[in-house]
Amino acid sequence: MPDSLPPVIRVSSLSKRFGAHAVVREVSFELAAGHTLVLLGPSGCGKTTLLKMLNRLIEPDAGTVEINDQDVRHQRPEALRRGMGYVIQQVGLLPHYTVAENVAVVPRLLGQAPAAIAERTTALLARLHLPPARYAGQYPHQLSGGQQQRVGLARALAADPPIVLLDEPFGALDPITRASIRREFRELEELRRKTVVLVTHDVTEAFELADQILLLDAGQVQQLGTPRELLFRPANDFVRRFFAAERLALQLRTLTLGDVFPDNTRQASGASFTTSTTVNEALEALTTGDQAAASFTMAQLMAAFGDALQREEDAWKR
Ligand SMILES: Nc1ncnc2c1ncn2[C@@H]1O[C@H](COP(=O)(O)OP(=O)(O)OP(=O)(O)O)[C@@H](O)[C@H]1O
């Protein structure tokens with residue numbers, strides 16, 4: 001996606017207080033079409049409040065939100081929200097509606113034809129690994145937490161909105177289910193074309209899903225940048241400390257074979273790898289016995305990774 005595209009979402013000096021508590025302070029960012037911005041930060045730093053100001057579930061005290069160059073204050077909240085899918089923290093499925101009825105809520109409100117709605121619902125459920133023959137007629141309480149979150153996602157995508165807002169969409173899940181749903185989510189063609197703003201406090205999740213991360217603390221932007229920038233060029237001590245505990249794991253996920261074997265395309269793209277395979281993915285493949293597919297050993301990979309880290313750090317120092 002070229003970065004020269006005009007921003008779809010432009011937020012300028014947005015602020016919100018609840019009583020004496022300044023929850024969001026002078027936040028600004030721009031997000032281009034088709035990109036994913038992750039709002040990251042510790043609990044209570046203002047992520048949800050910021051997200052809800054984008055679709056006017058919360059009105060700011062100061063600052064502006066523009067969607068496609070239109071100030072959202074000049075749009076009717078209902079019309080605005082129909083153009084933005086929204087997945088809330090608690091999933092929020094309607095308990096007396098079946099799975100299919102839950103998914104169809106927004107398309108029905110929009111007056112779409114029943115046959116088109118049914119077709120879309122069936123396709124989305126299948127795509128999200130909820131075979132419609134089995135799940136379409138079930139009720140939310142008959143589903144696991146992970147299945148409910150998938151229905152929540154299907155509902156947010158049902159009317160094919162260009163923008164999707166996701167508040168801790170995998171929050172209710174155990175770490176293993178969370179990692180596997182996240183993988184499916186990343187590969188979901190439906191989402192690739194969308195402009196996504198996603199709230200999480202999970203650093204790994206942020207690194208896996210974000211084009212850009214907005215790291216907040218106490219309502220203030222600490223840094224806005226790519227995962228790589230936040231990791232290798234932290235703007236301040238808060239940013240450095242925020243990633244310290246998971247630094248190595250994040251470096252393994254951020255650097256690619258193209259980074260670690262810059263002068264050797266053959267090594268960087270062995271039989272089952274490409275230059276954009278992350279070091280972490282290559283390590284996983286090697287430890288699960290895929291050595292035959294690689295043109296390097298684990299020891300060579302780790303040595304090259306060490307050199308690449310050094311190059312990264314030297315480059316940022318300059
Ligand atoms: N309606 C409200 N009235 C008063 N205080 C509120 C309201 N909504 C949120 N807050 C406070 O604003 C602060 C930021 O809340 P917010 O939900 O935006 O944070 P968050 O970063 O999303 O947190 P979490 O990750 O825990 O969901 C918190 O201290 C919260 O208690």
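The chain is numbered in sequence order, starting from 1. No experiment lies behind these values; they were computed from the predicted model shown. Both counts, for ligands and for their atoms, begin at 1 and track the order of listing.
- Under a 4.0 angstrom heavy-atom cut-off, G44 registers as being in contact with ligand 1.
- Aromatic rings from F273 and F261 are positioned such that their centres are separated by 6.0 Å or more.
- Remark: ligand 1 and V199 share no N or O pair separated by less than 3.5 Å (distance only, no angle test).
- Residue-ligand proximity: H21 is placed with a non-hydrogen atom under 4.0 Å from ligand 1.
- Residues satisfying the ring-ring contact (aromatic ring centres under 6.0 Å, His included) test with F238, not counting sequence neighbours, are F242.
- No donor-acceptor pair closer than 3.5 Å links the side chain of D167 to the backbone N or O of T48.
- Residues V106 and V151 are members of separate hydrophobic clusters, defined by side-chain heavy-atom contacts under 4.5 angstrom among Ile, Leu, Val, Met, Phe, Trp and Tyr.
- Counting all heavy atoms, side chain and backbone alike, V260 lies closest to A304 at O-CB, 3.6 Å.
- Every side-chain hydrogen bond (donor to acceptor under 3.5 Å, both in side chains) that H201 has, sequence neighbours left out, goes to E168.
- Within the listing of ligand 1, atoms 15 (O), 16 (P), 18 (O) sit less than 4.0 angstrom from a heavy atom of T49.
- At under 3.5 Å, not a single nitrogen or oxygen of L50, backbone or side chain, sits near a nitrogen or oxygen of ligand 1.
- At least one N or O atom of K47, backbone or side chain, sits closer than 3.5 Å to an N or O atom of ligand 1.
- With a 4.0 Å cut-off on non-hydrogen atoms, V23 touches ligand 1 through its side chain and not its backbone.
- For ligand 1, the polar-atom distance check finds no N/O of H201 at less than 3.5 Å from any of the ligand's N/O atoms.
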